[in-house]
Amino acid sequence: MSESVGVNTSAHPESLLSHRILIVVGFAVGAVLGFGGNFLPAGPPQNIVYVFSSLGIIVGSALFAAWFARQGKSIVAVGFALLALAESISLPGLFLVASAPTFPAAYTFAAGVALYAVALPLVSAPPAFPIWTRIVGVLAAIPFAVHALLWLLGRSPAPEGPFASIGYVLLIVTIVGWIITALRAAPSSQR
């Protein structure tokens, strides 16, 4: 399963439990709304759902980054920090599309998925999660990297194209593994 590294902190078990709950809620909101937004018609309702999805992933990733940093697992912590940054880069595209419909949100999306391609292997390489979660996390990075590479080569793939779609399905499976890990973690493993 996952290694448990203890680092002395003055955190109370109650705050550690709320930390885990916020991680789980953030990632659950991100995964459910991100997937569910695909079934809404393009426009304001879909944009709102995607914004909340991004915010959930940002919160879950930032809190997991802090959690793993406290455990001394800096590679995993950096991976989650980059994932939060990737979502933060993608997020303005939704606001720009809403205010200026001619703005190509694909620019910020391509930059965000390029960071996914870096963040997911960093999160997945060290033994911090079950092996299946780590494998799926690395596999999710591949279609994101292809999407970003195609963008850099001038192909301009659509954010709803096949590579991004495959990457997001694999990311959702990975997020399920992260949620399970957070739920199963003993409070002492968060100190």
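Below, all heavy atoms of this structure are taken into account, side chains as well, without hydrogens, waters or symmetry copies. Start at 1 with the first residue, then count along the sequence.
To the nearest 0.5 Å, the span separating CG on Leu120 from CG on Leu139 amounts to 10.5 Å. To the nearest 0.5 Å, atoms CZ (Phe144) and CG (Leu170) are separated by 8.0 Å. Distance check: Leu115 CG to Ile89 CD1 gives 4.5 Å after rounding to the nearest 0.5 Å. Once rounded to the nearest 0.5 Å, the distance linking CZ of Phe129 with CD1 of Ile180 reads 11.5 Å. In this structure, the separation between CZ on Phe52 and CG on Leu55 is 7.0 Å, given to the nearest 0.5 Å.
By the 4.5 Å heavy-atom criterion applied to side chains, Lys73 and Trp67 are not counted as neighbours. For the pair Ile175/Trp178, a side-chain contact is recorded, criterion being any heavy-atom separation below 4.5 Å from C-beta on. Side-chain atoms of Pro130 and Thr133, non-hydrogen and from C-beta on, do get closer than 4.5 Å to each other. Counting heavy atoms from C-beta outward, Arg20 and Leu183 have side chains that stay 4.5 Å or more apart.
Under the 4.5 Å side-chain contact rule for hydrophobic residues, Ile142 and Ile131 share a cluster. Put simply, Val25 and Ile48 are part of the same group of oily side chains (I, L, V, M, F, W, Y) that touch within less than 4.5 Å, one to the next. In the hydrophobic clustering of this structure, Leu122 does not group with Val138; members are Ile, Leu, Val, Met, Phe, Trp, Tyr whose side-chain heavy atoms approach within less than 4.5 Å, directly or through other members. When the side chains of ILVMFWY residues are joined at heavy-atom separations under 4.5 Å, either directly or via intervening members, Leu85 and Ile75 end up in a single hydrophobic cluster. Cluster membership check: Leu22 shares its hydrophobic cluster with Leu83, using side-chain heavy-atom separations under 4.5 Å among Ile, Leu, Val, Met, Phe, Trp and Tyr.
The shortest heavy-atom contact between Pro45 and Leu40 is O-CD1, 3.9 Å. The two residues Val24 and Ala182 make their nearest non-hydrogen contact at CG2-CB, 3.9 Å. Closest approach of Gly112 and Ser90 over heavy atoms only: CA-OG, 3.5 Å. What you find for Ile58 and Ser88 is that their closest heavy atoms are CD1-OG, 3.6 Å. Between Gly60 and Phe27, the shortest heavy-atom contact is C-CZ, 3.4 Å. Here the closest heavy-atom approach between residue Pro126 and residue Pro121 is recorded as CD-O, 4.5 Å.
The aromatic rings of Tyr116 and Tyr168 sit perpendicular to each other, their planes meeting at more than 60°, with 30° as the lower class boundary. Using cut-offs of 30° and 60° for the angle between ring planes, the Phe64 and Phe80 rings count as tilted.
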Open item on the list: Please determine whether side chain to side chain contact (heavy atoms under 4.5 Å, CB included) holds for the pair Asn38 and Tyr50, giving the CA-CA distance in whole Å, both sets of side-chain angles, and the decisive distance to 0.1 Å.
Closed with: CA-CA 9 Å; Asn38 294 323; Tyr50 283 157; 2.6 Å; yes

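Checking side-chain atoms of Arg134 against main-chain N and O of Ser124 turns up a donor-acceptor pair under 3.5 Å. In this structure a side-chain-to-backbone donor-acceptor pair under 3.5 Å is present from His19 to Leu63. Looking at Ser53, its side chain never comes within 3.5 Å of a backbone N or O of Leu33 through a donor-acceptor pair.
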